[in-house]
Amino acid sequence: MVHCDGLLFQYPAGEFSLRVASFEVAEGQSVAIVGPSGCGKSTLLKLIAGILVPAEGAIRVADQPLSSLPLPQRQRFRASRIGMVFQEFELVDYLSVEDNILLPYYLSDGLTLDGSVRERARTLAAAVGIGDFLPRHPRSMSQGERQRVAICRALVTKPGLVLADEPTASLDPANQTRSVALLREQSAGVGAALVMVTHDHGTLAGFDRVVDLGSLVTITPTV
Ligand code: ADP
Ligand code: MG
């Protein structure tokens, strides 16, 4: 599902450069990425999402040469084929839970909202225990409940790949374990591969693979 080969990435300003010789994720596989703060975990995830583009090397996602597609095609590909769960969830407070889950369909002209999509949104919400919350607004919900809305939104397009960057950072420990289990189970349920960045080693159980980015990359300060 994901093939990274000979990557080099540098931010225009700053000393950080990320080198990854090889990183692969098979279809349907769940991979947790760990490593010290600042080692490049979020940067790698943004490269795989096509938000950043490497200076050298190639990234293929679902057989698309993501890193060499022009920006509009990368954005369309991300909207339709990749689900993302953000650390702060990035929910829209003035929209209902249902509309937050359906947001990818409002934002991307490549996606068509129909009755079967609405049905899938309801099924996902019920599966993660927020089936009764659809007309409510996220601001009146707990962090754990908001997190589940974000999980449903990431999965509603039936993506082949789900990317999550420290999705449990604002949850208490009991909710962290439950939430990651939900993310894993639901990703597996739609057949999606899952790449999750985490700080929290308590959430690693059940992943097919754990990758320590600290030992995978070469970090070269530029002079
Ligand atoms: P992690 O997620 O592992 O904590 P990041 O990928 O966020 O690490 O950051 C890796 C390094 O790149 C850090 O040294 C960080 O300060 C730097 N960095 C992150 N974003 C930017 C940016 N937009 N511009 C310049 N440097 C950045
Ligand atoms: Mg990070």
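Computed from a prediction, not measured in an experiment: that's the story for all the values here. In listed order, ligands and their atoms are each counted from 1.
Of all the listed residues (Lys41, Lys46, Glu166), Lys41 holds the heavy atom that lies closest to atom 3 (O) of ligand 1.
The two residues Ala164 and Leu183 make their nearest non-hydrogen contact at CB-CD2, 3.9 Å. In this structure, Arg146 and Pro138 approach most closely via the heavy-atom pair NH1-O, 3.1 Å.
Shortest contact from atom 13 (C) of ligand 1 to any protein heavy atom: Gly38 O, 3.8 Å. Here the heavy atom of the protein found nearest to atom 22 (C) of ligand 1 is Tyr11 CD2, 3.4 Å. Distance from atom 7 (O) of ligand 1 to its nearest protein heavy atom, with residue and atom name: Ser42 CB, 3.6 Å.
Distances from atom 19 (C) of ligand 1 to the protein include at least one heavy-atom value under 4.0 Å.
Here CG of Leu161 is found 8.0 Å from CZ of Phe77. Values are rounded to the nearest 0.5 Å. Atom CE in Met84 sits 6.0 Å away from atom CG in Leu45 (nearest 0.5 Å). A distance of 4.5 Å separates CG in Leu194 from OG in Ser187, rounded to the nearest 0.5 Å.
Those atoms of ligand 1 with a heavy atom of Thr43 less than 4.0 angstrom away are 5 (P), 6 (O), 9 (O), 10 (C).
The shortest N or O to N or O distance between Phe16 and ligand 1 is not below 3.5 Å.
Using a 4.5 Å heavy-atom threshold, the side chains of Glu15 and Gln10 count as separate.
For Ser42, the nearest N, O or S atom to the Mg ion (ligand 2) falls under 2.8 Å.
Residue contacts with ligand 1, taken as heavy atom pairs separated by less than 4.0 Å, involve Ala13 solely via the backbone atoms N, CA, C and O.
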> Can you list the steps and then say if Tyr105 with Thr157 is a side-chain hydrogen bond (donor to acceptor under 3.5 Å, both in side chains)?
Replying inline: CA-CA 8 Å; Tyr105 290 86; Thr157 59; 5.5 Å; no
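For the pair Gly35 and ligand 1, no heavy-atom separation below 4.0 Å is found.
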